[in-house]
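First the structure, in the form of structure tokens, and then the observations on it.
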Amino acid sequence: MTGTAYVVDELISAKAIAARIEALAREIGQEYADTNKLVVVGLLRGSFIFIADLVRELDLPVEVDFLEASSYGDGMESSREVRILKDLRSPIEGRDVLVVEDIVDTGFTLSHVLRLLKSRAPRKLRTIALLDKPARREVDLKADWTGFEIPDEFVVGYGIDYAQRNRNLPFIGKVRFPEEA
Ligand code: IMP
């Protein structure tokens, strides 16, 4: 499938994403108003553009760290087995932490990461996902903040890839195979 030609149809514009991030950042600012420093943890690689835009809208002292978990490989199906490929650089015990995810799909990745981070006893642990595909959920879980709920479509752009391509699109688009009609 990966070699098959596909087209990308815009689903969420760059402008709509920017407006939503502004609103989310205000809510997050209220939730963490008392923090002395918020550790914003981006899940690589899909969240790299989202986290970059989000932290620039946050009116809080922040520190940025990254964690990489394996999920889809190069295909369109979740592997369900989550492995940590790159761990955080800093300890989070007693700290305020915000986990930034690109998409919650089956929920396996985020639930695994949350279990791991909770075991390190942060003071406050919250999650934000740019996109949520509730129809695909297999684990009972919802991010504390969600940018957009989307239907069961495979999406790319704004950091999100299909077989490592299209991360650089400024909008979120859905992948369509023309021969599928
Ligand atoms: P989950 O473990 O099934 O919730 O999968 C979450 C991860 O799968 C996300 O962080 C994405 O990296 C990837 N993923 C889920 N849906 C899509 C999609 O539509 N396009 C690209 N990657 C996706």
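Atoms within a ligand are numbered from 1 in the order they appear, just like the ligands themselves. All values reported here derive from a predicted model rather than from experimental measurement.
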Task: Backbone N/O of Phe50 and side chain of Ser47: donor-acceptor pair under 3.5 Å - done: no
- [ ] Output the list of atoms in ligand 1 that are nearer than 4.0 Å to some heavy atom of Ile103, sorted by atom number.
- [x] 6 (C), 9 (C), 10 (O), 16 (N), 17 (C), 18 (C), 19 (O), 20 (N), 23 (C)
Open item on the list: Would Val155 count as a polar contact of ligand 1, with the cut-off being nitrogen or oxygen pairs under 3.5 Å?
Closed with: yes
Task: Atom indices of ligand 1, in the order listed, that fall short of 4.0 Å to a heavy atom of Glu153 - done: 19 (O)
- [ ] Go through ligand 1 atom by atom and flag the ones less than 4.0 Å from a non-hydrogen atom of Glu101.
- [x] 10 (O)
Task: Short side-chain donor-acceptor distance under 3.5 Å, Thr127 and Asp144 - done: yes
Open item on the list: Whether the side chain of Arg137 engages the backbone of Leu141 through a donor-acceptor N/O pair (distance < 3.5 Å, no angle test) should be reported.
Closed with: yes
Open item on the list: Strictly below 4.0 Å, N to O, side chains only: are Arg123 and Glu93 in salt-bridge contact?
Closed with: no
Open item on the list: Below 4.0 Å, non-hydrogen atoms only: which portion of Asp105 touches ligand 1? Side chain, backbone, both or neither.
Closed with: both
Task: Short side-chain donor-acceptor distance under 3.5 Å, Asp53 and Tyr158 - done: yes
Open item on the list: Closer than 4.0 angstrom, basic N to acidic O: yes or no for Arg176 and Glu153?
Closed with: no
Task: Per-atom contacts, ligand 1 versus Thr109 - under 4.0 Å to a heavy atom - done: 1 (P), 2 (O), 5 (O), 6 (C)
Task: Gly46 near ligand 1 by a heavy-atom separation under 4.0 Å - done: no
- [ ] Have a look at Tyr162, Phe154, Phe108 and point out the one with the heavy atom closest to atom 21 (C) of ligand 1.
- [x] Phe154
TODO: Number the atoms of ligand 1 from 1 as they appear, then name those within less than 4.0 Å of a heavy atom of Ile160, with their elements.
DONE: 20 (N), 21 (C), 22 (N)
Task: Donor-acceptor contact below 3.5 Å, side chain Lys86 vs main chain Phe66 - done: yes
Task: Contact atoms of ligand 1, heavy-atom distance to Lys133 under 4.0 Å - done: 16 (N), 17 (C), 18 (C), 19 (O)
Task: Electrostatic pair Lys142:Glu149 at N-O distance under 4.0 angstrom - done: yes
Open item on the list: Please classify the Asp161 to ligand 1 contact at 4.0 Å (heavy-atom distances, strictly less than): side chain, backbone, both or neither.
Closed with: backbone
